[in-house]
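Not measured: the values here are computed from a predicted model. Residue numbers start from 1 in every chain, and the chains themselves are labelled A, B, ... in the order their sequence lines are given, proteins ahead of strands.
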Amino acid sequence: AQKVTQAQTEISVVEKEDVTLDCVYETRDTTYYLFWYKQPPSGELVFLIRRNSFDEQNEISGRYSWNFQKSTSSFNFTITASQVVDSAVYFCALSEVDYGNNRLAFGKGNQVVVIP
Amino acid sequence: DAGVTQSPTHLIKTRGQHVTLRCSPISGHKSVSWYQQVLGQGPQFIFQYYEKEERGRGNFPDRFSARQFPNYSSELNVNALLLGDSALYLCASSALGVDSSYEQYFGPGTRLTVT
């Protein structure tokens, strides 16, 4: 069974500080996808990034970066130089590859509060 | 292009009633998934449909049912509503194929309150 754990519940940072969100996952599959989604107060989940299990290269996309370590089953996410608009709940999610079914298993989320 | 649309936005029902929630996927997407998000928790998978066939079902009672229409829109039905069914119901669409087709794009949700 797939499981995603996000340990921190609420994280407060001052604007322009970096914030890192931790995500640990469990899966028996060797091929899977990992995601980060953002949920602002409006409620709509916004897709941010996706990583394949067979590609551990870490990347930067604008102010977002991620650190995928298969050996420790972790997929951490960093927002650099945070802004007030980054205040939201961030969810880590896992999808096991199965053609015809790409259900997502979500963590409980991290509430990020950016203080101006 | 329009994103995923859901209706209604908000709904208030009484215990024991029935509710139908509707979702239209992004144009060209053939898969629709439904998730339930209780306050303070992450979304929980309910159903996935692809080409009008059920492709996955989460751990929800038989009071929950869904279907997908030829135009790929979908309905989620919940019978005999309980107070615990109060939640944000999210619909997501995806192309469901290989590589980049695996992102799911979410609609704004329907907030259901059961009193």
State the OG-CG distance between B:Ser31 and A:Asn102, to the nearest 0.5 angstrom.
5.5 Å

Given that the side chain runs from C-beta out, which part of B:Gln6 has a heavy atom under 4.5 Å from chain A: side chain, backbone, both or neither?
neither

Please check this pair: side chain of B:Glu103 against backbone of A:Arg50, looking for a donor-acceptor N/O pair closer than 3.5 Å.
no

Against chain A, label B:Phe47 side chain, backbone, both or neither, depending on which of its atoms sit under 4.5 Å from a heavy atom there.
neither

Which members of residues 62-75 of chain A, sorted by number, sit under 4.5 angstrom from chain B on a heavy-atom basis?
none

Heavy-atom distance under 4.5 Å between the side chains of B:Pro43 and A:Tyr37, does that happen here?
no

Within residues 107-115 of chain B, which positions have a heavy-atom distance to chain A below 4.5 Å?
B:Gly107, B:Pro108

Closer than 3.5 angstrom, by distance alone: can the side chain of A:Gln39 be matched with the main-chain N or O of B:Gly42 as a donor-acceptor pair?
no

Examine A:Phe106 together with B:Tyr35 and report whether their ring centres are nearer than 6.0 Å.
yes

Check for me, please, whether A:Tyr33 and A:Leu21 land in the same ILVMFWY cluster - side-chain distances under 4.5 Å, paths through other members count.
no

Taken to the nearest 0.5 Å, the spacing of B:Gln44 CD from A:Arg103 CZ works out to 11.0 Å

If you look only at pairs with a residue in residues 104-116 of chain A, which of them pass as a side-chain hydrogen bond (donor to acceptor under 3.5 Å, both in side chains), with sequence neighbours excluded?
A:Gln6-A:Asn110

What pair of heavy atoms forms the shortest contact from A:Leu104 to B:Phe45, and how long is it?
O-CB, 4.1 Å

Minimum side-chain heavy-atom gap A:Phe91-B:Gln37 below 4.5 Å
yes

Sort by residue number and list every member of residues 84-93 of chain B having a non-hydrogen atom under 4.5 Å from chain A.
B:Leu88, B:Leu90

